[in-house]
Novice: 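Could you have a look at this structure, given as structure tokens, before my questions?
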Amino acid sequence: MDPETEYRLQSSGLMVFVAAITLGGIYWLSKLAGIRTHRDLADVEKIVRFILLLLNTALTLAAGLAGTMGTVLVVAFCDNAPPSACLTVAGVVMLVSGLLVTLSALAIRIMVRNDDQAVWYLYFYPIPLFMFANVMLVMMPDVDFVWFGVMSMSLLAMLYALAIRKPRHPVAAARPHAVPRDDLR
């Protein structure tokens, strides 16, 4: 077999593997978001929840992978700088990526569990993401798509937390003067 055919077969096999993993992940996230039927596709809350789950999962994986790889590369290729400077840069890379992973992973956990006691976090976590996106724009203007993605995700999270997320309790249970019928006897 010639090298060009072998390369084409290997790359197509890799693309099929990546496509299968991606489609499986999207299917899993749609189930976590509560999208089970075609009628659920008309529910705005479930669609926004799916988008936020997808973006937070992508941010968690990308930040974790980039932070780990960045730290390894900084430490491995520390040739001309003093070791303390290399370890400082590696620590900053791990700190920033760890912060992003923690913020996103906690948001994923709260969205999956529908935890009404921890919904305050959905109001809070877009603010550090928004600040991080602004710092990213100043520090690395060449990757403005990252800035746009994180900025859009933080604004969408604010929209989800403020406008779309409904209380999970029935209206009768929310009114303190509502008396059940059994207690009227």
Side-chain angles (χ1 to χ4, degrees), residues 14-15 17-33 45-165:
L14 180 64
M15 284 188 276
F17 178 73
V18 168
I21 294 293
T22 303
L23 289 175
I26 288 173
Y27 177 76
W28 178 67
L29 286 176
S30 68
K31 295 303 176 194
L32 284 178
E45 181 183 2
K46 290 181 181 181
I47 297 299
V48 171
R49 188 171 172 208
F50 170 74
I51 292 169
L52 280 176
L53 282 172
L54 182 68
L55 291 175
N56 277 317
T57 303
L59 182 64
T60 302
L61 293 175
L65 184 64
T68 305
M69 293 304 294
T71 302
V72 168
L73 289 175
V74 165
V75 171
F77 295 109
C78 182
D79 294 336
N80 297 331
S84 62
C86 293
L87 291 177
T88 302
V89 171
V92 168
V93 168
M94 283 303 288
L95 181 69
V96 170
S97 68
L99 175 71
L100 286 174
V101 167
T102 304
L103 285 170
S104 297
L106 285 174
I108 290 169
R109 182 176 179 211
I110 290 169
M111 280 188 281
V112 167
R113 288 189 173 191
N114 279 334
D115 192 4
D116 286 334
Q117 292 178 352
V119 75
W120 64 269
Y121 184 74
L122 294 177
Y123 296 103
F124 167 74
Y125 97 100
I127 296 167
L129 283 179
F130 193 80
M131 294 183 331
F132 176 74
N134 286 325
V135 170
M136 287 278 297
L137 180 65
V138 172
M139 299 298 286
M140 298 184 298
D142 294 340
V143 287
D144 55 352
F145 65 92
V146 173
W147 173 82
F148 180 73
V150 173
M151 186 74 70
S152 300
M153 185 178 72
S154 63
L155 292 175
L156 187 64
M158 285 182 201
L159 173 73
Y160 176 74
L162 294 175
I164 294 176
R165 184 157 168 79

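Keep in mind that the numbers below use all heavy atoms, side chains included, and drop hydrogens, waters and symmetry copies.
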Novice: For Pro83 and Cys78, work out which heavy atoms get closest and say how close.
Specialist: CA-SG, 4.4 Å
Novice: State, to 0.1 Å, how close Ser104 and Thr60 come at their nearest heavy-atom pair, and which atoms those are.
Specialist: CB-OG1, 3.0 Å
Novice: How far does CD1 of Ile51 sit from CZ of Arg49, to the nearest 0.5 angstrom?
Specialist: 13.0 Å
Novice: Closest heavy-atom contact between Val93 and Gly67?
Specialist: CG1-O, 3.7 Å
Novice: Out of Thr57, Leu52, Leu55, which residue meets the side chain to side chain contact (heavy atoms under 4.5 Å, CB included) rule with Ile108?
Specialist: Thr57
Novice: Tell me, do Leu59 and Leu103 make a side-chain contact under 4.5 Å, heavy atoms counted?
Specialist: no
Novice: Suppose we screen for ring-ring contact (aromatic ring centres under 6.0 Å, His included). Which residues come up paired with Phe124, at least two apart in sequence or across chains?
Specialist: none
Novice: Once rounded to the nearest 0.5 Å, what's the spacing between atom CZ of Phe17 and atom CD1 of Ile21?
Specialist: 4.0 Å
Novice: Distance check, rounded to the nearest 0.5 Å: Leu129 atom CG versus Leu100 atom CG?
Specialist: 6.5 Å
Novice: Looking at Val74 and Cys86, what are the two nearest heavy atoms and their distance?
Specialist: CG1-O, 3.4 Å
Novice: Could you work out, with ring-ring contact (aromatic ring centres under 6.0 Å, His included) as the rule, every residue matching Tyr125, not counting sequence neighbours?
Specialist: Tyr121
Novice: Give the table of side-chain donor-acceptor pairs shorter than 3.5 Å for residues 26-33, with sequence neighbours excluded, one pair per line with atom names and distance.
Specialist:
{"from": "Ser30", "atom 1": "OG", "to": "Ile26", "atom 2": "O", "distance (Å)": "3.4"}
{"from": "Ser30", "atom 1": "OG", "to": "Tyr27", "atom 2": "O", "distance (Å)": "2.7"}

